[in-house]
Each structure stands twice: as structure tokens, then as C-alpha cells.
Amino acid sequence: MPWSGVIHQYRDYLPLPADARIITLNEGNTPLVRSSQLAELLAPMTGLELFFKFEGLNPTGSFKDRGMTAAISHAIYEGSETIICASTGNTAASAAAYAARSGLRCLVLVPEGKIALGKLAASLAYGAEVISIAGSFDDGLNMVREIVNRRQITLVNSINPWRLEGQKTGAFEVCDQLDGQAPDWHCLPVGNAGNITAYWMGYRQYGKGLPRLLGAQAAGAAPIVSGKIVENPETVATAIRIGNPARWQQAVQALDESDGLITSVSDEEILDAWRNLASMEGLFVEPASASGLAALKKLIKMEEIDPSNKRIVVVLTGHGLKDPGTAVEKATKPYQLPAEIEALEAYLA
Ligand code: F0G
């Protein structure tokens, strides 16, 4: 049967009503790419098997689509006509796309000046009502939480349990792609902490073994690592620029239950890992998506994680084209030549 999205694929594991109309873009089924060079660089001769789950290849370019197919299908089932979210950009783009497919009105609140260009462009193209607020993601989340108490609007942030139901399918896929066996470690970025919560739900439900979780927060936005709300979060990884995660407690519980670790990584470490992925693995991701790898590199170096004969999966949550601005800014400038063959010869020499 051709792939037709995560709900159809894992229907038996999802509590959606049998007669619900499924709104899908055939999300999921993303590749688990084996490391070509980085495993050897990180941990030479240790037998480390390193894999990247490339979630940037979902229909709107991030893992959010797994959760959004479930959240929107359920919203339609309930007769909702309007959805809303606060977002650092990816949730917004995903909500906008699934709303477009189903004819829902879609409002997205984004932090002014702190949303990557590809996310803004997509949200606008899909026809969402994009509202730029003079505040942070956390401010926006407070606003949308309040408005759904006042009006008949469905919240599609990961506070919505259907988002987690959809996103847990990522764990199922990882197990299926590793011949029915969960990895030893599962590394991922943590922002609002929905995804780490969802993956843990998924691994537990699927019964194919449990990995230890490694969560990564940006140093300037690391409330779970520090145990304190961050009033003014700041990081190059704008997707995870969050100071007060909605799923904080569940993330802590998942980390505890999995005997996991959570650590913070500096912008420099994030950008190093981001360059490694593109230049050594051919995997172009947005900066936040490289933070899982940055955390793994750091903890292997500090000998807090022993890579010997381990299978480690790193989730790459969003595509590099989401944030072309940062990519161009952090790269060396293109070399400029006259349009003449001799100039090219001279350059090669
Ligand atoms: N990676 C990317 C690319 C993201 O966009 C996000 C979250 C995360 C990781 C963290 O996932 O929040 O479940 O812990 N982006 C949200 C958004 C906040 O609005 O798009 P999380």
C-alpha cells in the first residue's frame, strides 16, 4: 500500500474516532540516515552506530506535521472552524498547511523579528492570518491559552494532546527502521518540550525497547537545565527560543523514567554541529535541529555518554531552508568572478 501518512500507518496505536476524517499531507516516513563521517569523528573505533532521523523532509519541512495531522483531524471531528497557535515558526507553518487543506481559519502568533524567513513565508503562503506580537513565544503562548477560554477556537500548540498522539509516531518509525528495536540513546532539541514528551510516549507504547533520552536546550534558553524560567531567552536557534516550556513537567518525567540527560549547548556549539551535518553528512538543517547533535558531541567528550557499541539516533527536527538568513550569514561569502573562462582557470590554479 502506498504511504498515506502517520495516522493511516499507525491507526491501531492512535485513539482517533474510527469515523474521523483524516486530514493528511502524507507526513512521516522520513529517512533514518546512517552517519557517513561524523560517527568516526565523534568516537573513532568504538563501534558507535549513529543515525539521523531527518524530520525536515516532512511536507512543511519539520516534525510538526506528525502532530498536526492528528490535531487538525480531531479539530474537524469536533466541528471546530478556527484554530490558533503561538509559534517560533514551524508549528505556524504546519498548522497553516493543514488548515488550508481542511478549510479552517488559522491564526498564528509569532514573535516579532524572531521568526526565520522560510517559516514566515510558508505561513503566509498557506493563507494563515499571521499576527506578529511585540513579545516572545512565551508571551504568545499565554495569549492563545487565554483566548481559547474565551472563544470557540481550537488551540493546536502541543498542549493539545492530539499533537503528542501524532508526534509519538516518530518513535514507532525509528523502531521500525532499526529492525524493530529501539536505539540505546535518542537525542533531540527541547523547546516547548512537546516532542520529547511525545517520543517517550511512543517508545513506551510501542514495546520495542526504551532508549535513554538526551535533551538539548540552547544555553540562552535552558529553563529545564537550570530549573528556572528564563525571562528573556536568546539564541541563534530561534525555533527553541523558549523560556517557560508548556510540557516542562512531562519532559522532566520522561528524562527521569528513561534515565536520560538534558544539557545546554552554546550557540557556537550549535553552529559547529550544524556545519558538521551539512558539510560532512550532506544534511542541511535549521540551527535548532543541530542542537541534539551538539549535545551528543559534548557529552561524549565529557565522557558522560559512552558511545561504545551503542546505537544512537539524533532527530533533525527541521529543514535548513527554513532559515536561509542564518545559513547565508554564517557561511563564507560566494567567490566573485567575471563571466570568463580564463578567470575560472585562474581561480582553479
Ligand atoms: N526543533 C525545531 C525545528 C522546532 O521548531 C521546535 C519547536 C523544536 C525543535 C522543539 O520542539 O517545542 O516540542 O520541544 N518549535 C515550536 C514552534 C516551538 O512553534 O514551531 P518542542
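For ligands, and for the atoms within them, numbers begin at 1 and follow the listed sequence.
In this structure, Ile242 counts as a contact residue of ligand 1, since one of its heavy atoms falls inside 4.0 Å of the ligand. At a 4.0 Å cut-off, not a single heavy atom of Ser62 sits close enough to ligand 1 to count as contact. In this structure, Ser158 does not count as a contact residue of ligand 1, since none of its heavy atoms falls inside 4.0 Å of the ligand.
No more than 12 heavy atoms of other residues, nucleotides or ligands shown are found within 6.0 angstrom of CD on Glu81.
Lys64 and Glu55 are not joined by a salt bridge, as no carboxylate oxygen comes within less than 4.0 angstrom of a charged side-chain nitrogen. Under a 4.0 Å N-O distance rule, the pair Arg241/Glu234 qualifies as a salt bridge. Between Arg66 and Glu173 there is a salt bridge, with a side-chain nitrogen of the basic residue lying less than 4.0 Å from a carboxylate oxygen of the acidic one. A salt bridge links Arg212 with Asp259: the distance from a Lys NZ or Arg NE/NH1/NH2 to an Asp or Glu carboxylate oxygen falls below 4.0 Å.
Classification of the His319-Phe284 ring pair by plane angle, with boundaries at 30° and 60°, yields perpendicular.
Which parts of ligand 1 touch Val190 is read off a 4.0 Å heavy-atom cut-off, strictly below it: atoms 14 (O). Within ligand 1, counting atoms from 1 as listed, the ones closer than 4.0 Å to a heavy atom of Ser87 are 17 (C), 19 (O), 20 (O). Ligand-side atoms of ligand 1 in range of Thr317: 1 (N), 2 (C), 3 (C), 9 (C), range being under 4.0 angstrom from any heavy atom. Close contacts between ligand 1 and Asn192 involve ligand atoms 12 (O), 14 (O), 21 (P) [criterion: under 4.0 Å to a heavy atom]. Of all the atoms in ligand 1, the ones that sit under 4.0 Å from a non-hydrogen atom of Gly194 are 13 (O), 14 (O), 21 (P). Per-residue contacts place Asn90 under 4.0 angstrom from the following atoms of ligand 1 (heavy atoms of the residue considered): 2 (C), 3 (C), 4 (C), 5 (O), 20 (O). Taking every non-hydrogen atom of Thr88 and a distance limit under 4.0 Å, the qualifying atoms of ligand 1 come out as 15 (N), 16 (C), 17 (C), 18 (C), 19 (O), 20 (O).
Residue Gly191 places at least one N or O, backbone or side chain, under 3.5 Å from an N or O of ligand 1. Checked by distance only, ligand 1 and Pro189 stay at 3.5 Å or farther apart across all their nitrogen or oxygen atoms. Looking at ligand 1, you won't find any N or O of Ser289 less than 3.5 Å from one of its N or O atoms. No N or O atom of Gln167 sits closer than 3.5 Å to an N or O atom of ligand 1.
At the shortest separation from atom 15 (N) of ligand 1 among protein heavy atoms lies Lys64 NZ, 2.9 Å. Looking from atom 20 (O) of ligand 1 to the surrounding protein, the closest heavy atom is Thr91 N, 2.8 Å.
With a 4.0 Å cut-off on non-hydrogen atoms, Lys119 does not touch ligand 1 at all. Contacts between Ile240 and ligand 1 below 4.0 angstrom, taking non-hydrogen atoms only, involve the side chain exclusively. Within the 4.0 Å heavy-atom criterion, both parts of Ala239, backbone and side chain, lie near ligand 1. Neither the backbone nor the side chain of Pro245 comes within contact range of ligand 1; no heavy atom lies under 4.0 Å. Residue-level proximity to ligand 1 for Glu286 is carried by the side chain, the only part with a heavy atom below 4.0 angstrom.
Partner of Asp65 under the side-chain hydrogen bond (donor to acceptor under 3.5 Å, both in side chains) criterion, chosen from Thr30, Asn26, Thr24, Thr60: Thr60. Each of Val315, Leu178, Asp176 was compared with Leu32 under the side-chain contact (heavy atoms from CB on, under 4.5 Å) criterion, and only Leu178 meets it. When each of Tyr10, Tyr199, Tyr203 is tested with Phe172 by the rule ring-ring contact (aromatic ring centres under 6.0 Å, His included), just one qualifies, namely Tyr10.
Expressed to the nearest 0.5 Å, how far CZ of Arg101 lies from OG of Ser73 amounts to 10.5 Å. Taking CD of Glu40 as the start and CG of Leu50 as the end, the distance is 11.0 Å to the nearest 0.5 Å.
The closest side-chain donor-acceptor pair between Thr263 and Lys298 falls under 3.5 angstrom.
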